[in-house]
Number of protein chains: 2
Amino acid sequence: MPLTPRQQQVLDCLRQHAADFGRAPTLDGLCRLLGLRSRGSLHKHVQALIAEGLVEPLNGHHRGIHLVTQSTDENTLPLLGKIAAGRPIEALPQSDTIEIPPRLRTSRPCYVLQVTGDSMAEAGILDGDFVVIERRETARNGEIVAALIRGEETTLKRIVQEPGRVTLVPANRGLSPVVYAPEEVAIQGVLVGQMRAYH
Amino acid sequence: MPLTPRQQQVLDCLRQHAADFGRAPTLDGLCRLLGLRSRGSLHKHVQALIAEGLVEPLNGHHRGIHLVTQSTDENTLPLLGKIAAGRPIEALPQSDTIEIPPRLRTSRPCYVLQVTGDSMAEAGILDGDFVVIERRETARNGEIVAALIRGEETTLKRIVQEPGRVTLVPANRGLSPVVYAPEEVAIQGVLVGQMRAYH
DNA sequence: GCGGATCGTTCTCGATTCGTTCTCCTCCAG
DNA sequence: CTGGAGGAGAACGAATCGAGAACGATCCGC
């Protein structure tokens with residue numbers, strides 16, 4: 001739903017205030033900035049902005065009108081580098097980012113890797129694909145994880161955790177599952193999305 | 001139904017206003033811009049534009065004359081429906097859209113389909129994946145296309161075109177390539193991107 | 001810890017603006 | 001003369017907007 005003119009003014013004023021002071025204004029302070037005399041009136045505008053998801057809702061626990069953080073780059077994630085069986089994640093020197101639609105990520109922190117190699121080809125993950133990884137240190141059995149093995153190499157595999165051992169299962173007839181001790185495998189994240197460009 | 005000269009003038013004025021201010025004008029504001037004195041008169045023209053589908057209908061819920069946004073968000077594409085071997089594209093009743101990062105599409109018109117079935121599984125396209133299709137009627141050999149066969153069924157396959165015959169090649173050991181006469185196969189678009197969510 | 005000041009929230013009331021509908025008017029082509 | 005395009009103006013209901021009062025909850029100096 002589009003904002004009314006006054007709501008737009010309030011939003012502009014909030015952005016201005018954030019740029020100037022970096023502090024969250026109170027309703028009374030906003031009233032003065034906007035030339036209003038009643039908090040009650042302004043409150044309705046702020047509620048509308050909250051309904052639009054532009055302002056942090058404050059459920060009586062703290063004060064101050066906080067803008068929601070940067071809705072613009074909400075759809076970009078850091079592209080950390082490449083993941084290949086046999087090598088640690090090749091970090092890119094420059095901090096690169098890549099646009100990811102919300103459907104391909106979760107609400108928790110995520111990052112993106114580019115796949116090298118065909119070890120997960122039969123799971124539909126090919127050489128050159130981009131994979132979205134949710135930053136997490138535990139996984140459920142059967143999930144595909146980015147795992148650091150003995151602090152040396154990082155790989156993308158399906159994980160099966162049993163008492164006393166962890167098995168990383170590739171999706172490729174030419175490769176075999178490998179069994180590790182639990183302390184050898186550090187989960188760095190869980191696969192939540194994948195995408196590929198053909199052109 | 002064609003627009004009357006005055007309706008065209010109102011439409012031009014609306015586009016001008018959107019370009020200048022990015023805000024929806026009110027009927028009174030439009031009157032001033034057009035040199036009119038009565039909202040009631042202008043209202044009839046706006047109603048005509050709504051009937052033509054050029055202006056957002058506002059059913060007393062909000063104010064301001066909004067132009068209909070045609071592909072306003074350049075990162076969203078229409079999600080037309082599902083594509084399955086053996087059936088035409090199942091059109092979704094409601095016109096749905098889906099966010100697609102620029103990397104997964106081309107600069108030409110594209111749309112999105114959701115894949116049903118595993119006929120392209122060995123090319124890394126699984127059941128449930130979303131594929132981005134560039135709207136095009138010709139393809140190069142080896143490209144993956146959405147093709148309409150005999151006007152009946154639509155399918156996603158790799159295409160090989162030779163003089164006098166067209167072969168559609170699935171990527172699945174259990175399925176065989178099928179040869180058609182060129183006039184039996186109508187290319188509806190070419191695969192340019194693919195994505196999958198795991199959660 | 002306490003009490004007053006500050007703040008968020010909710011409510012009512014009134015004023016203005018705006019979309020809508022209606023009637024009446026002019027102009028012009030067929 | 002008739003009908004359609006176009007405009008003026010009045011009137012009504014709804015959306016928008018602000019003022020003010022009242023009530024808890026939080027914050028802060030003592």
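Since we're looking at a predicted model, the values are computed, not measured. Naming convention: chains lettered A, B, ... in sequence-line order (proteins, then strands); numbering from 1 in each chain.
Residue pairs meeting the salt bridge (charged side-chain N to carboxylate O under 4.0 Å, His left out) criterion with at least one member in residues 29-42 of chain A, sequence neighbours excluded: A/D28-A/R39. Among residue pairs with one or both ends in residues 163-172 of chain B, those qualifying as side-chain hydrogen bond (donor to acceptor under 3.5 Å, both in side chains) are B/E162-B/R165; sequence neighbours excluded. Within the structure, salt bridge (charged side-chain N to carboxylate O under 4.0 Å, His left out) contacts touching residues 167-190 of chain B (residues at least two apart or in different chains) are B/E122-B/R173, B/R150-B/E184.
Residues forming a salt bridge (Lys or Arg N to Asp or Glu O under 4.0 Å) with B/R103 (at least two apart in sequence, or on another chain): none. Listed by chain and residue number, A/I50, A/N59 satisfy the side-chain contact (heavy atoms from CB on, under 4.5 Å) test with A/P57 (two or more places apart in sequence, or in another chain).
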Which atom pairs, one a donor and one an acceptor, fall under 3.5 Å between side chains of residues 128-137 of chain B and the rest of the protein, sequence neighbours left out?
| residue | atom | partner | partner atom | Å |
| --- | --- | --- | --- | --- |
| B/D129 | OD1 | B/R196 | NE | 2.9 |
| B/D129 | OD2 | B/L126 | N | 2.9 |
| B/D129 | OD2 | B/Q194 | NE2 | 2.9 |
| B/D129 | OD2 | B/R196 | NE | 3.2 |
| B/D129 | OD2 | B/R196 | NH2 | 3.1 |
| B/E134 | OE1 | B/T106 | OG1 | 2.8 |
| B/E134 | OE2 | B/R108 | NH1 | 3.2 |
| B/E134 | OE2 | B/R136 | NE | 3.1 |
| B/R136 | NH1 | B/T138 | O | 3.3 |
| B/R136 | NH1 | B/E143 | OE1 | 3.4 |

Name the atoms and distances for all side-chain donor-acceptor pairs under 3.5 Å in residues 6-14 of chain A, with sequence neighbours left out.
| residue | atom | partner | partner atom | Å |
| --- | --- | --- | --- | --- |
| A/R6 | NH1 | A/Q9 | OE1 | 2.2 |
| A/Q7 | OE1 | A/T4 | N | 3.1 |
| A/Q8 | NE2 | A/D12 | OD1 | 3.2 |

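A/H45 has a side-chain polar atom (N or O) that falls below the 4.0 Å cut-off from OP1 or OP2 of D/dG18. Under 4.0 angstrom from either OP1 or OP2 of D/dA15 there lies no side-chain N or O belonging to B/H61. Applying the 4.0 Å criterion to OP1 and OP2 of D/dA19, one finds that A/R37 has a side-chain N or O inside that range.
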Next item on the list: Sugar-phosphate means primed atoms, P, OP1 and OP2; the rest is base. With that split, encode nucleotides 15-30 of chain C 5' to 3' as B, S or - using protein heavy atoms under 4.0 Å.
Entry: --BBBBB---------
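Exactly one residue among A/I83, A/L191, A/L79 makes a side chain to side chain contact (heavy atoms under 4.5 Å, CB included) with A/L113. That residue is A/I83.
Nucleic acid contact for A/L42: none, since no nucleic acid atom lies under 4.0 Å from a heavy atom of the residue.
Note on the helix from C/dG1-D/dC30 to C/dG30-D/dC1: terminal axis deviation equals 30°, with five pairs used at each end and the result rounded to 10°.
Between the base of D/dG7 and the side chain of B/S38 there is no donor-acceptor pair shorter than 3.5 Å.
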